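What follows is a set of notes on a single structure, which appears directly below.
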Amino acid sequence: MFGIHGTPYHVEFTSHKDGSPCIAQTKDQLLVFYIEELRDIVSITARMKNIGYDPCTPENPYWEDKGITFEDDHGFRVVLINTGGLSY
């Protein structure tokens, strides 16, 4: 489960020991979180490293320039971007 402390949003990734394998099809199959507060990204990065996930180099250099990328054991990637995202 991944979420931002103090917000009502989270994303949960699930698996089942008897389930079918679910491997990412490409290294550019991403879940991107747009996070306005840099301190939140720093905190999340520290927690990710603490549980054994170091940042990885993204396949697309755009993401390396804009944020920080992590990859899970199945090859799925999460990108943390220091911006509020799209404004409508």
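Remember, predicted model here, so these are calculated numbers, not experimental data. What you see below is based on every heavy atom in this structure, not just the backbone, and it leaves out hydrogens, waters and symmetry mates.
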Within the 4.5 Å heavy-atom criterion, are [X] and [Y] side-chain neighbours or not?
X     : Y     : answer
Asn60 : Leu30 : no
Pro55 : Phe70 : yes
Tyr53 : Asp73 : yes
Thr57 : Glu64 : yes
Val78 : Phe33 : yes

Mind checking the [atom1]-[atom2] spacing from [X] to [Y]? Nearest 0.5 Å is all I need.
X     : Y     : atom1 : atom2 : value
Ile44 : Leu80 : CD1   : CG    : 5.5 Å
Thr26 : Arg77 : OG1   : CZ    : 9.0 Å
Thr45 : Asn50 : OG1   : CG    : 12.0 Å

- request: Using modelled atom types only, decide if a donor and an acceptor are shared between the side chain of Asp54 and the backbone of Lys49 within a distance under 3.5 Å.
  value: no

query: Is Ser43 reaching over with its side chain to a backbone N or O of Arg39, donor-acceptor style, under 3.5 angstrom?
result: no

statement: What one should report as the nearest heavy-atom pair of Gln29 and Gln25 is OE1-N, 2.9 Å

query: Any idea which heavy atoms bring Leu38 and Asn82 closest together, and the distance?
result: N-ND2, 3.4 Å

